[in-house]
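Numbers restart at 1 for each chain; the letters A, B, ... are given by sequence-line order, proteins then strands.
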Amino acid sequence: MTGYDHQRIEAKWQESWARRRLAEVEPRGPSSPFYMLMMFPYPSGDRLHVGHGRNYILGDALYRYRRMNGDHILNPMGWDAFGLPAENAAIARGVHPRDWTLDNIRVMKQQFRRWGILYDWSREIASCHPGYYRWNQWLFLRLLEKGLAYKKQAPVNWCPSCQTVLANEQVVEGACERCGTSVRQRELEQWFLRITDYAEELLAGLDELEGWPERVRLMQRNWIGRSEGAELDFELPEIGETLTVFTTRPDTVHGATFMVLAPEHPLTARLIADHPERAAIEEWIEQVRNTPRIEREEEGLVKEGRDTGRTAVNPATGERIPVWLANYVLVEYGTGAIMAVPAHDARDLDFARQHGLGVRLVYHPEDREVDAATITEPVLHEGVVRNAPPFDGLRDGQEAVRRFTEWAAEQGWGRARVTYRLRDWLISRQRYWGTPIPVLYCDGCGVVPVPDDQLPVELPYDVELTGREGNPLARSAAFVEAECPACGGPGRRETDTMDTFVDSSWYYLRYLSPRDESRMFDSELANRWAPVDQYIGGIEHAILHLLYARFVCKALADLGLVSFREPFTNLFNQGMITHFSENSGRVEKMSKSKGNTVSPDALIESMGADTERVYTLFLGPPEEEVEWNDEAVAGAWRFLNRVWRCHEALPDAPPTGSADRQLERLRHETIQRVTGDLDRFKFNTSVAALMELTNGLTRALDGRTVSRSACEQAFDTLITLLHPFAPHLTEELWERRGYDGSLLEASWPVYDEEKLRRSRMTVVVQIDGKLRDRLELDAEADRGEIERAALASDKVRQHIGDRRVSRAVVVPGRLINLVTEQGAGG
RNA sequence: GCGAAAGUGGCGGAAUUGGUAGACGCGCUAGGUUCAGGACCUAGUGGCCGCAAGGCCGUGGGGGUUCGAGUCCCCCCUUUCGCACCA
């Protein structure tokens, strides 16, 4: 592309910035520490396209702006380096996960440099480094001490042919993605973190997080899924047990006509022990168990059930009701069993009709009594209780729930109870590329934590990765065999590694003292800089990562390591960039797999990184999804070239000019707009304002209407304001203007209210709300003068005709609306 | 099904508290400039009627509040996103 020599300029300034040490920046203003953070990126080379550049460019623009504004600001970058893709790449290509990861980090750093993105690399961390992950292990041990880490049986996806555990994403239509074998569910002992202990606080804390997008808070609320209800006890006389269920509708207990247990429920075995078709039922249970989780949670799963032949006693009516097993009841939620009330629950009614089970109504529509045998839809709202003697006449609602719960409690078979959908955090991964969980197993001592002074438990480099036969760590004798720290006898190391969300749940604290070998992080620094003022990242982390990070923050606070309980004060989620995809013929999210990416290299070569940055930010509102338009990029390129040409034209500006005040006002307006817009993340309108200033300056220079000094002042303001968007070009122009030092050290311009004032104003004249004329008046004109001027206008008089003006509404500085009698009446 | 957000020119999108709808950019049209260009400059560009002046209509659809509604309220339609046998 013909234009200014962007390649030479960009290379020159990238080199200059690389020599800087951002850590040494001192605050110029009286600002308090501002801690800005991008989400911990996964260093996969695949993400290098303009779609992914968006959040880094956005973060860099914000960083440069806040810095120029005089903020004491921290902007670190590091790598969420563990994870499954590295292990897959290793298996597919025979590269070691560590080498693959480090290579990708190198490529990504290079790309950041080409985008002109500044990070404080002295704080760089990588979670796969033992100096980082030893603190995952240390944290785990503290949680273990507090009872927040524990082990229990949990199902995993198991490929019988590969003899290995599969992640959900490795299961394709119920089969192993590698060999196509049907995936089975298998129970394994696994490590969990007790996030549910914090469910209530995690939920309540959301109300205080006003700097977070409402949709993220809502997603977290739904994920935690608090529900109030009651626990009710049902006797199982044949086996002499009590079955406890959770229900949000204890007020419908009289309508419970059967019970349903999850097939995995602990009482199942005893219930079917003497069943004549026990073998068949057990086979069916096995089949349900083996249905992969994802499928079982999918919509449209066929509801299947089996009668245990046993009965329970409905504590409200004393009736004997059948006990069933069904695949739609989940063992993880509530107590893993429900009382089925077909009259008032659609799912239960479905199941009752399917298996010929009884229906009993508690609530009836207000105006009539309905027959249980004939209803086809459950009675859900606005009902009135009948057939539940102590409560007849009571209305459906919270009051009813409360009264029934109290009643059940008085009789000793029920109690109020809150349940959450949130489950404990399973951190065990049967994988190589992760943080080893720091415990050993000893025949004599059982589970033994690794003592702190023996950390880190290092991940061995020398392992064989095949993707088969379980965790490669388990086959490494050098790793597994270790001395028991308690008794000195032979022990076996835990071979499970941690979920990478553990790494990312506290990394923001490690940035503050990244090389400290004596502790996880420096609490004093943490309390000074954190919580993070501004967190930037994609919406895809709205639930898991952000919830885990909040949980770990609270746990760290309870360990006395930090004095705050929420890690991120303000959260910004940038939207994805979409692009037309040749493959599908549709506009889709930009990604390698869809083949609709735009290479930053080609773009940077033809029009430069500054053009890519400006266009990316100009594209649309940053929080929304926006479509990349290959043709429109040229608009940003033209804009930057106009700026360049303004600089070339400056020497030709005349010594004095008639329109100096006008340009000066535009200059101040632009400062006001850009500053306000950047504070509100409105990068797109900031760029528009800068284009307007450029157009104004171009016109002034062409028309020779503005003095050279005023033009120069406007130009200097322009490149200063433009710097966060187009850093290379503006640095070059700043130098060519003869200023010393980087624009990064220049102060952000301040506007002057006085200079924004106009001597004339445009007043719009409406008649009955319709625009009829515009008047140029003195800015000082008062109500009366505006009204007189409006009534004096020929156009206005024509439109009013012989009607009478009954009222005049004046909006100072903007408009006057004349209301005529007919207009007001009609 | 539940929840949320959003519907504005040919396109991406502007429009603090209700106060000139369409900023800025792309595209398009005409003219200029250039050896040439996918370069640059100038003017125009929501629709309809009109030679023009000007008029009428116009922010998904319908109603309402108001001197005044893209903006607020009610109903409906569409799209996108999130969640879901959650007892």
Side-chain angles (χ1 to χ4, degrees), chain A residues 1-3 213-219 221-223 225-227 229 245-249 252 256 260 262 296-303 326-330 332-341 344-348 350-351 419-422 539 542-543 575-576 614-615 618-621 623-639 641-642 645 673 676 680 682 684-692 694-695 698-699 702 762-771 773-774 795 798 806-820 823-824:
Chain A
M1 282 283 175
T2 327
E214 186 48 43
R215 62 175 167 162
V216 173
R217 296 199 275 170
L218 191 79
M219 278 192 247
R221 261 182 219 117
N222 292 340
W223 189 260
R226 182 182 200 272
S227 54
V245 300
F246 173 75
T247 175
T248 52
R249 297 296 306 273
T252 61
V260 189
R296 201 160 153 200
E297 284 176 2
E298 255 166 34
E299 189 180 0
L301 174 84
V302 182
K303 283 192 189 65
N327 60 353
Y328 74 90
V329 175
L330 306 174
E332 306 90 345
Y333 187 75
T335 63
I338 61 164
M339 64 173 199
V341 185
H344 305 298
D345 181 286
R347 223 175 19 218
D348 294 344
D350 226 31
F351 195 80
T419 300
Y420 300 90
R421 178 186 175 278
L422 181 69
I539 190 75
I543 298 177
M576 302 269 194
V614 168
Y615 180 65
F618 181 60
L619 207 47
E623 69 279 9
E624 259 152 63
E625 200 169 86
V626 287
E627 188 187 337
W628 185 273
N629 179 339
D630 294 302
E631 287 184 320
V633 188
W637 168 241
R638 276 175 220 146
F639 162 56
N641 276 289
R642 275 201 297 276
R645 282 195 304 272
R673 285 173 62 186
R680 287 171 292 152
K682 299 181 69 172
N684 53 334
T685 49
S686 297
V687 175
L690 291 166
M691 286 171 167
E692 287 183 62
T694 306
N695 292 345
T698 302
R699 228 167 296 138
D702 282 354
T762 306
V763 175
V764 167
V765 184
Q766 294 181 338
I767 295 170
D768 296 326
K770 277 187 192 289
L771 179 87
D773 199 8
R774 291 187 172 86
K795 284 184 191 166
Q798 271 171 33
S806 59
R807 198 178 151 190
V809 180
V810 177
V811 180
R814 284 186 183 273
L815 62 75
I816 176 168
N817 189 12
L818 301 171
V819 187
T820 66

Open item on the list: Just the rounded figure in Å: distance from P of B/C24 to CZ of A/Arg673.
Closed with: 9 Å
Task: RNA chain B: 5'-proximal contact among A/Asp702 and A/Phe246 (nearest heavy atom) - done: A/Asp702
- [ ] Whole angstrom is fine here: how far is it from NZ in A/Lys770 over to C1' in B/A21?
- [x] 14 Å
Open item on the list: Please classify the glycosidic conformation of B/G9 as syn (within 90° of 0) or anti (everything else).
Closed with: syn
TODO: Establish, yes or no, whether a centroid distance under 6.0 Å links the rings of A/Trp628 and A/Tyr615.
DONE: yes
Open item on the list: Checking base pairs now: Watson-Crick or wobble, both atom distances under 3.5 Å. What partners B/G18?
Closed with: none
TODO: Please state whether the phosphate of B/A15, meaning OP1 or OP2, lies under 4.0 angstrom from any side-chain nitrogen or oxygen of A/Lys682.
DONE: yes
Open item on the list: I need the CG-P distance between A/Asn641 and B/G38, as an integer number of Å.
Closed with: 17 Å
- [ ] Check every strand shown and say whether A/Ala632 touches a base, only sugar-phosphate, or nothing at a heavy-atom separation below 4.0 Å.
- [x] sugar-phosphate
- [ ] Report yes if the distance between the aromatic ring centroids of A/Tyr328 and A/Phe351 is under 6.0 Å, otherwise no.
- [x] yes
Open item on the list: I need the A/Thr698 OG1 to A/Met691 CE distance, nearest 0.5 Å.
Closed with: 12.0 Å
Open item on the list: Looking at B/G9, which nucleotide sits across from it as a Watson-Crick or G-U wobble partner, both distances under 3.5 angstrom, or is there none?
Closed with: none
Open item on the list: Output the rounded distance in Å from CE (A/Met691) to P (B/G12).
Closed with: 17 Å
Open item on the list: Whether the side chain of A/Asn817 and the base of B/C67 hold a donor-acceptor pair under 3.5 Å is what I'd like checked.
Closed with: yes
Task: Any A/Arg642 side-chain nitrogen or oxygen under 4.0 Å from OP1 or OP2 of B/G25 - done: yes
Open item on the list: Does the structure show a Watson-Crick or G-U wobble partner for B/G70, both distances under 3.5 Å? Name it, or say none.
Closed with: none
Task: Pairing partner (Watson-Crick or G-U wobble, both distances under 3.5 angstrom) of B/U65 - done: none
Open item on the list: Using Watson-Crick or G-U wobble geometry with both distances under 3.5 Å, which nucleotide pairs with B/U45?
Closed with: B/G27
Task: Phosphate contact (B/G25 OP1 or OP2) by A/Asn695 side-chain N/O below 4.0 Å - done: yes
Task: Pairing partner of B/U33 (Watson-Crick or G-U wobble, both distances under 3.5 Å) - done: none
Open item on the list: Looking at B/A87, which nucleotide sits across from it as a Watson-Crick or G-U wobble partner, both distances under 3.5 angstrom, or is there none?
Closed with: none
Task: A/Tyr615 OH - B/C24 C1' separation (whole Å) - done: 13 Å
TODO: Determine: side-chain N/O of A/Asn222 to OP1/OP2 of B/C2, distance under 4.0 Å, yes or no.
DONE: no
Open item on the list: Check whether A/Asn641 reaches the backbone of A/Trp637 with its side chain - one donor and one acceptor, N or O, closer than 3.5 Å.
Closed with: yes
TODO: Would you kindly compare A/Phe618 and A/Met219 by the position of their nearest RNA chain B nucleotide and give the one closer to the 5′ end?
DONE: A/Phe618
Open item on the list: Let's test this: given Watson-Crick or G-U wobble pairing with both distances under 3.5 Å, identify the partner of B/G3.
Closed with: B/C81
